[in-house]
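Written below as structure tokens is the structure these notes are about.
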Amino acid sequence: MVEQLQSLRGMVDLLPAATARWQALETTARDHFRRAGVHEIRTPLLEATELFARGIGEATDVVGKEMYSFVDRGDRPCTLRPEGTAGVVRAALQHGLLSQGPQRLWYGGPMFRYERPQGGRQRQFHQIGLEFLGFADPRSDVEAIAIAWDLLAALGLGDLTLEINSLGTPDDRRRYRERLVAWLEQHHDALDGDSQQRLTTNPLRILDSKNPDTQRLLIEAPQLIDSLEDSSRDRFEQVLAGLAELAIPTVRNPRLVRGLDYYGHTAFEITSGALGAQATVCGGGRYDGLVEQLGGPATACIGWALGLERLLILQERSGTTAAAPPPDVYLVNQGDGAGALALRLARQLRQAGLAVELDLSGAGFGKQLKRADRSGARWAVLLGDREAAAGLAQLKDLQGDGGEGPATVPLADLAARLLPAGG
RNA sequence: GCGGGCGUCGCCAAGCGGUUAAGGCAGCGGCUUGUGGCGCCGCUAUUCGGGGGUUCGAAUCCCCUCGCUCGCCCCA
């Protein structure tokens, strides 16, 4: 026997049993964005490696060790997108969207990160994200976050925590980094190994270390908020006030820093305690410097991304169900004449708007009816050669108890007979 | 990339060194060659993720490998 081929590690198939749930999720999201006046943008899965290196930051883990990169046949360094923002900004610049005014955009689709798979973490995973390009007002932060919060609620998810922080301006951060490093160096020996390393590579990331000893130590450390200029702090307060006014509960987390270089000012995460180690369902923040960094005009932006696999895990845990809808009609047929006619009848009923499953097995009526029952269809339409010759069909209500026998209906009347009852 | 756990039919699952690898669900066939849901009967793993090894003998022990899973890391 030939060795069984498998999907690549961390790459997951979505079988028919799962796709109903995904479609429901996508439908809800699409409608939510439509009502929020946010428009969809679709960009390629594959981009020049340089886009991510410049956009996300060379020093980040996502760029440094998690990208699916390769050189194509034209010797171009390419990368499967590890996140959506960089591509959206690139597309907006390339097509001059920003000169048409501020953009309210959303995107969805697969992202790729070469990591060790874990619950809620795959190598190909799916995100839905929002990007507001060209919005500086603190109210845009509030609205962006509110859209995420409400979408999660529309998807039936409660019991979530919105953690929020301000990373201030690049100057604020530079100032803070110096203070923090100075302080941490005095406590160098008390830090865990990972954090000691990050002291030189990315000291701010030490703040959200999961090491309990490090966390205990950090309680005494200088706080980012104290290094913010007044204007940054005011801005943050306005965002918090705006969220409070919308009755969206926030938890200030002074140690929330996030891993992508482009974030500044508002940074937030929406987390759930039901997800284990991968607790973040939605994360985002302001990235006022990114557009410029990618060669565009200085443009204030805020955005977020939402992990669909994690969302689905939460929906499942909270018992939300979504089953694939059964067909309206199961078309039982037997005999050559009836078989040919059934093919035509199925098409005709479908054109009339009914969902029709046509039995192609050639099995007996009993077998087919059994399958009709299991399909969950409301109606069985039976077509044998006797009926075919007479231009009739038998109609059975599969959801009744079988008390009344099948009705005999002229083929021409079938659609009309079934449609009003279908609802 | 690092550490722990796991891997028996499409799914759930017994077996834990000794002749033919339980069972349930699903599937298929029959009872019922033109009429469903119930019931009954039968069929469906020469094989235990894959490859080596130990042994008279392995699904059961060892090694490697692949995959899953939990934690670290990272993030959605």
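Numbered from 1 within each chain, the chains take letters A, B, ... in sequence-line order.
Figure legend. B:U32 is base-paired to no nucleotide; pairs are counted as Watson-Crick or G-U wobble with both atom distances under 3.5 Å. The nucleotide B:A26 finds no pairing partner, because no Watson-Crick or G-U wobble arrangement with both distances shorter than 3.5 Å includes it. Nucleotide B:C68 forms a Watson-Crick or G-U wobble pair with B:G5, both donor-acceptor distances falling under 3.5 Å. B:A59: no Watson-Crick or G-U partner with both key distances under 3.5 Å is found in any strand.
A salt bridge does not link A:Glu83 to A:Arg81: none of the charged side-chain nitrogens sits closer than 4.0 Å to a carboxylate oxygen. Taking the charged nitrogens against the carboxylate oxygens, A:Glu131 and A:Arg104 have no contact shorter than 4.0 Å, which rules out a salt bridge.
The base of B:C73 sits within donor-acceptor range of the side chain of A:Arg121, with an N or O pair under 3.5 Å. The base of B:G37 has none of its N or O atoms less than 3.5 Å from a complementary donor or acceptor on the side chain of A:Gln399.
When heavy atoms are screened at a 4.0 angstrom cut-off, A:Lys367 is found touching the sugar-phosphate backbone but no base atom. Among the heavy atoms of the strands lying under 4.0 Å from A:Gly120 is at least one base atom, whether or not backbone atoms are also near. Note on A:Asp385: a base of the nucleic acid sits closer than 4.0 angstrom, heavy atoms only. Within 4.0 Å (heavy atoms only), A:Glu66 reaches sugar-phosphate atoms of the nucleic acid but no base atom. Nucleic acid contact for A:Gly10: sugar-phosphate only, since backbone atoms but no base atoms lie under 4.0 Å from a heavy atom of the residue. A:Ala305 comes within contact range of the sugar-phosphate backbone alone, with a heavy-atom separation under 4.0 Å but no base atom that close. Across all strands, A:Gln197 comes closer than 4.0 Å to no nucleic acid atom at all (heavy-atom distances). Note on A:Gln118: a base of the nucleic acid sits closer than 4.0 angstrom, heavy atoms only.
Side chains of A:Thr280 and A:Arg310 form a contact here, defined as non-hydrogen atoms less than 4.5 Å apart.
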So which protein N/O to nucleotides 25-27 of chain B N/O distances come out below 3.5 Å?
residue, atom, partner, partner atom, Å
B:G27, OP1, A:Arg374, NH1, 2.7
B:G27, OP2, A:Arg374, NH1, 2.8

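Here the CG atom belonging to A:Leu358 is positioned 9.0 Å from the CG atom belonging to A:Leu345, to the nearest 0.5 angstrom. A distance of 5.5 Å separates CG of A:Leu14 from NE2 of A:His126, quoted to the nearest 0.5 Å.
For A:Arg42 and A:Tyr107, the positive end is not near the middle of the six-membered ring at less than 6.0 Å and at most 45° from its axis.
Of the residues in residues 357-364 of chain A, those placing a heavy atom less than 4.0 Å from an atom of RNA chain B are A:Gly364, in numerical order.
Atom pair A:Gln278:CD and B:G71:P shows a separation of 7 Å (rounding to whole Å applied). When rounded to the nearest whole Å, the span between CE of A:Met11 and C1' of B:C68 equals 16 Å.
A:Asp141 is linked by a salt bridge (Lys or Arg N to Asp or Glu O under 4.0 Å) to A:Arg235, A:Arg286, counting only residues two or more places apart in sequence or in another chain.
Between the A:Arg374 side chain and the A:Leu369 main chain, no donor and acceptor come within less than 3.5 Å of each other.
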